[in-house]
Amino acid sequence: MPDPILQVAAGRTFRFQVKHTELGNGSSWSLTSHRQTGDIYVAHREGGRWIKSSYHESGQWHFGLGSAAVARDQNGDRYLAVTHTHRKVAPGWVHALRIAVPRSELRHHTEAVIDRKVFPVVLPWGHDAVAIDLYLGMPGHPRAIQLNPLNRVLAVLERGDGGGALLISRPLALLRPIADEYAAEIREARQGLIEQGWDGQPTRIVIFGMVDPQGPHHELEVAIDPPN
């Protein structure tokens, strides 16, 4: 029997996190829709005061600075990236975001966030990583898109403009180990944490970017371990 699909009303928040009994957890994330508009907001909960993603009814998508980052540099640009055009993946549907959580980056790490109920996302057996994909459906859009049998629908969300959204998990293959692919970013992040008085406990960062200027935003969870 297929898993029950969670229905989330407009204006509500859906929280999710990759969890594995032996390997540990990924980060927890929050996805919030606006009650009266088509806007959607996604935040890495532990780093949400620093970086946020937003997908607006107007068609503008933002990687933006959170309150802590803005307070540090009030004269700086609040947006790290803005996109306006988006390629449809099916009639009325666009792929807005992919969060990648590699098996190698799971840790038994306690986040510095308020303890709230989160939806557990399963790491597919035998795969390098899991991708969590957010699709946005326009008002009046067809209510279904074709999915691969390996995909799992995590939640169906209403949007305040009459549109909808789907959050889906799927297996993901990696071309190179994360420690090799992002060695420079990991060294820089670890050094920055040390300079800020890091206590040496495992933590994590999110590396964000875009592969296709008309495609989804990408966010990658990366664990930062103590130096040897």
Side-chain angles (χ1 to χ4, degrees), residues 1-9 12-33 40-53 66 95-135 147-157 165-174 177-179 181-182 185-186 189-190 193 198-208 216-226:
M1 177 178 291
D3 294 329
I5 296 174
L6 186 63
Q7 304 280 341
V8 183
R12 303 296 297 273
T13 296
F14 178 69
R15 300 176 183 87
F16 56 94
Q17 181 181 32
V18 174
K19 293 192 173 186
H20 191 282
T21 303
E22 297 178 1
L23 300 177
N25 302 329
S27 298
S28 64
W29 296 77
S30 66
L31 190 159
T32 305
S33 61
I40 293 274
Y41 306 92
V42 181
H44 174 261
R45 292 183 65 217
E46 196 168 33
R49 296 175 59 246
W50 296 94
I51 301 289
K52 294 182 178 181
S53 298
H95 187 183
L97 171 67
R98 167 165 288 183
I99 298 169
V101 186
R103 174 182 296 271
S104 63
E105 306 310 296
L106 300 182
R107 298 290 186 275
H108 293 283
H109 162 62
T110 301
E111 294 181 298
V113 298
I114 296 173
D115 185 20
R116 297 186 186 278
K117 184 177 180 179
V118 297
F119 185 91
V121 179
V122 175
L123 180 70
W125 185 87
H127 290 273
D128 299 330
V130 59
I132 301 166
D133 289 322
L134 173 64
Y135 293 90
L147 299 177
N148 185 292
L150 293 177
N151 298 347
R152 179 187 179 194
V153 178
L154 305 177
V156 177
L157 301 99
L166 285 175
L167 196 67
I168 295 169
S169 66
R170 55 166 48 95
L172 185 65
L174 301 177
I178 294 300
E181 184 74 19
Y182 297 98
E185 289 87 348
I186 293 171
R190 184 183 291 116
L193 289 168
W198 181 35
D199 62 3
Q201 295 299 311
T203 185
R204 63 184 66 246
I205 61 171
V206 175
I207 297 174
F208 66 92
H217 290 175
H218 286 255
E219 302 200 41
L220 171 69
E221 292 187 16
V222 177
I224 304 297
D225 296 316

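Computed from heavy atoms alone, side chains included, the values below leave out hydrogens, waters and symmetry copies. Residues take their numbers from the sequence shown, with the count starting at 1.
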How far apart are the closest heavy atoms of [X] and [Y], and which atoms are they?
X    : Y    : answer
V101 : L123 : O-CD1, 4.2 Å
R98  : A131 : NE-CB, 3.6 Å
S33  : A9   : OG-O, 3.8 Å

inquiry  = I'd like to check L172 versus V130 (side-chain heavy atoms, cut-off strictly below 4.5 Å). Are they in contact?
reply    = no
key: Atom CG of D199 with >12 non-hydrogen neighbours under 6.0 angstrom   = yes
From [X] atom [atom1] to [Y] atom [atom2], the distance as rounded to the nearest 0.5 Å:
X    : Y    : atom1 : atom2 : value
L220 : Y182 : CG    : OH    : 5.0 Å
L157 : I40  : CG    : CD1   : 6.0 Å
F14  : K117 : CZ    : NZ    : 10.0 Å

inquiry  = Can you list everything that forms a side chain to side chain contact (heavy atoms under 4.5 Å, CB included) with R15? Sequence neighbours excluded, please.
reply    = T13, S30, R45, R116, V118
ask   = Can you tell me if E185 uses its side chain to pair, donor with acceptor, with the backbone of I207 under 3.5 Å?
value = no
message = Donor-acceptor check, side chain of Q17 to backbone of G26, threshold 3.5 angstrom: yes or no?
response = yes
task = Check each of I168, L6, I132, V122 against L154 using the side chain to side chain contact (heavy atoms under 4.5 Å, CB included) test, and report the only one that passes.
result = I132
request  = Just grab all the side-chain hydrogen bond (donor to acceptor under 3.5 Å, both in side chains) pairs involving residues 101-111, residues at least two apart or on different chains.
outcome  = S28-E111, E46-H109, R107-D225
query = In terms of the angle between their ring planes, are H44 and W29 parallel, tilted or perpendicular, with boundaries placed at 30° and 60°?
reply = perpendicular
